[in-house]
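Every number for a ligand or one of its atoms is a count from 1 in the order of the listing. Numbers here are sequence positions counted from 1.
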Amino acid sequence: MTDRKPIGYACPRCTVGRCLPQKTTFAEMHHGQLLVIPNMKVYICDVCKLAEFEQETMEALWHELYGDQSAEDTQSVTQQKSSSHYGE
Ligand SMILES: [Zn+2]
């Protein structure tokens, strides 16, 4: 009887490998800004090297960076303000 919890999950791409939790440096361009997060948790397939970040982690991160507003919202608000200023 094995009581060991299975680590990771079967890879959705190659279906042969196993995606195992690892730490990596996440780097991505987001709205013209380079976003770099060291020690980000990621699942990497040991066969095809598919890397998947946890959705929960990403959402928490975005929330921390931008709060309830997305960068896109902030931009459109700024544009509206300047156009109404010229209209008056
Ligand atoms: Zn794979």
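For Leu34, the CG atom sits in a packed shell: over 12 heavy atoms of surrounding residues, nucleotides or ligands are nearer than 6.0 Å. Other residues, nucleotides and ligands place no more than 12 heavy atoms under 6.0 Å from the CD atom of Glu56.
Legend: residues meeting side chain to side chain contact (heavy atoms under 4.5 Å, CB included) with Ala51, ordered by chain and number and at least two apart, are Val42, Ile44. Remark: Leu65 pairs with Leu35, Leu61 by the side chain to side chain contact (heavy atoms under 4.5 Å, CB included) rule, at least two apart or across chains.
Among Glu59, Lys41, Met40, the single residue meeting the side-chain contact (heavy atoms from CB on, under 4.5 Å) criterion with Glu54 is Lys41.
Within the sub-2.8 Å shell of the Zn ion (ligand 1), the protein contributes these N/O/S atoms: Cys11 SG, Cys14 SG, Cys45 SG, Cys48 SG.
Within the structure, side chain to side chain donor-acceptor pair (under 3.5 Å) contacts touching residues 9-26 (residues at least two apart or in different chains) are Tyr9-Glu52.
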